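To keep things clear, I will list the structure first and then write my remarks on it.
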Amino acid sequence: MTTSPSTPQQDLDKALALSGASSFLDSSFASYMDEHDSLRALRDEFVIPTRGEIAPGADRPEESCIYFCGNSLGLMPKAVARYVTEELQVWGEGAVNSHFKHRFGRPWVRIEETVQEQSAKVVGAKKDEVAIMNTLTSNLHTLFAAFYTPTATRHKVLIESKAFPSDHYAVESQIRWHGLDPKDSLICQEPREGEVLLRTEDILETIEKHGHEIAVVCFSGIQFYTGQYFEMEKITKAAQAKGCIVGWDLAHAAGNVPVQLHDWNVDFACWCSYKYLNSGPGGIAGIFVHERHGEDFARNRLAGWWGHDKATRFDMVNVFKPMAGAAGFQHSNPSVLTTSALLGSLSVFEKTSMQEMRKKSFLLTGYLHHLLTTEFSSEVLEIITPVDPEQRGCQLSLVFKRGKMMEIFTGLAARAIIGDERKPDVIRIAPTPLYSRFEDVRRFVVELKELVAEKYN
Ligand SMILES: Cc1ncc(COP(=O)(O)O)c(C=O)c1O
């Protein structure tokens, strides 16, 4: 007999009984959860700004701030400073020779290899399916250049109507690049009237109806505004059954939820590393190309010498021989400093797994969800992120009613609580399992209650 696994809310209820606390808002409940958190030691791997640094003049200036903005920029892992400093040292003392001779064993000529394997683990890929290169929007263009090959009958691209603007611009420009018009070749999946989330059934219906004329389906894994985690495997399967190529932008999913790009048979994907991967502003990005495309050299690609066969790269012969796998899609020699920063941040991921992180994330975001829905009236705030924990990651997107969002946002900032705002009315709050505590969630809710009492009177 199999028993169905418990839901995060059932686990929280059980923990409440065990903690002896009288309510979820009791500090003893949050302390109990933090003490029993198997990832709690990982918080020490990060530099956490103090209240005084974030909100000068705030009381208790030495205490750490509450940081819920990993969906925008992750906190700095301490290891990053060490890895980057080592590269500066090696640059200083070895200069150009450090491409081949490196006292820390990371010759620059192969620097990208140092981050390939752990990156692949994070996105559920085989090592050779991943290349760490460029930045996110550039990589989206690179992948479209290879995978968007419109014909007279199959020339459309299906995206979300509220795709992140950079993705929307990139896709429109790719369509135009082929001499086509987005008016004819772009399908934007709209939510139903009066809804903000996309229903999987509606996406599948569009694919069923238009799949024969769609060249590429390209969604974000997690929607930046609503925090909706799309049913990636289902959508991929349905679109491929219609002959479409399927690509995913994992900006908000990589390091947040345990995607399985290889097993889900995704054609291509790309992500940035400065959000949940904590590699620093403008960090180096990643691509995934499924292994079945890895030796498809007939597929045109934007070429550069870093995609050329390593054995002959320095022969300076102008006959491009791409490497197999995602590596063959690289263009330039990568930024050593940003790659080393990523190496530092991935050293924290090495100490756990996406599955362990997801377990904590279910509880942490579940706790936030529970407190927000029990402590606030729907006249004040509404959560637009899916209620089902399987259909969201760390982030909850809170709509503040009656035009009060900015007032609440600045009030939180003054109390050294960092989320981020998206106009007109949303504050995104993302507790992350690597460095956020249950106590952070509890205190956030307590302080938000005070602010709401002040602003909604
Ligand atoms: C979903 C999504 N796509 C694209 C981008 C743009 O990223 P970049 O500026 O690194 O190209 C972002 C940035 O936040 C994003 O969230």
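For ligands, and for the atoms within them, numbers begin at 1 and follow the listed sequence. Each residue takes its place number in the sequence, starting with 1. Quick note: numbers below take in every heavy atom, side chains included, and nothing from hydrogens, waters or symmetry partners. Quick caveat, the model's predicted, so the values are computed rather than measured.
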Counting N and O atoms only, with roles assigned by atom type, does the side chain of R154 sit under 3.5 Å from a partner on the main chain of G211, one being a donor and the other an acceptor?
-> yes
Any idea which protein heavy atom is nearest atom 16 (O) of ligand 1, and the distance to it?
-> H252 NE2, 2.9 Å
Hey, are W248 and T236 close enough side-chain-wise for a donor-acceptor pair under 3.5 Å?
-> yes
Give the residue and atom name of whichever protein heavy atom lies nearest to atom 11 (O) of ligand 1, and the separation in Å to one decimal.
-> T137 OG1, 2.5 Å
Any donor-acceptor N or O pair under 3.5 Å, side chains Q174, H178 = no
Given side chains that start at C-beta, do those of Q355 and R358 come closer than 4.5 Å, heavy atoms only?
-> no
Nearest neighbour of atom 10 (O) of ligand 1 from the list Y274, Y225, F224, on a heavy-atom basis = Y274
Give yes or no for whether the N/O distance cutoff of 3.5 Å, strictly under, is met between S166 and ligand 1.
-> no
Quick one: does ligand 1 sit under 4.0 Å from the side chain of D249, the backbone, both or neither, non-hydrogen atoms only?
-> side chain
Which heavy atom of the protein is the closest neighbour of atom 4 (C) of ligand 1, given with residue, atom name and distance?
-> D167 OD1, 3.1 Å
Return a yes/no value for T135: is any of its N or O atoms, backbone included, closer than 3.5 angstrom to an N or O of ligand 1?
-> no
For ligand 1, the portion of S220 having any non-hydrogen atom under 4.0 Å away = neither
Could you tell me whether the side chains of E53 and T50 share a donor-acceptor contact shorter than 3.5 Å?
-> yes
Sub-4.0 Å atoms of ligand 1 with respect to non-hydrogen atoms of A251 | 1 (C), 2 (C), 15 (C), 16 (O)
Taking atom types as modelled, find out whether E160 and S220 have a side-chain donor-acceptor pair closer than 3.5 angstrom.
-> yes
So, F268 versus H293, ring centres under 6.0 angstrom or not?
-> no
In the protein, what heavy atom is nearest to atom 14 (O) of ligand 1, and what distance, to one decimal place, separates them?
-> K275 NZ, 2.8 Å
Do R43 and S64 have side-chain N/O donor and acceptor atoms under 3.5 Å apart?
-> yes
Atom 12 (C) of ligand 1 [closest protein heavy-atom partner, distance rounded to 0.1 Å] | F164 CE2, 3.4 Å
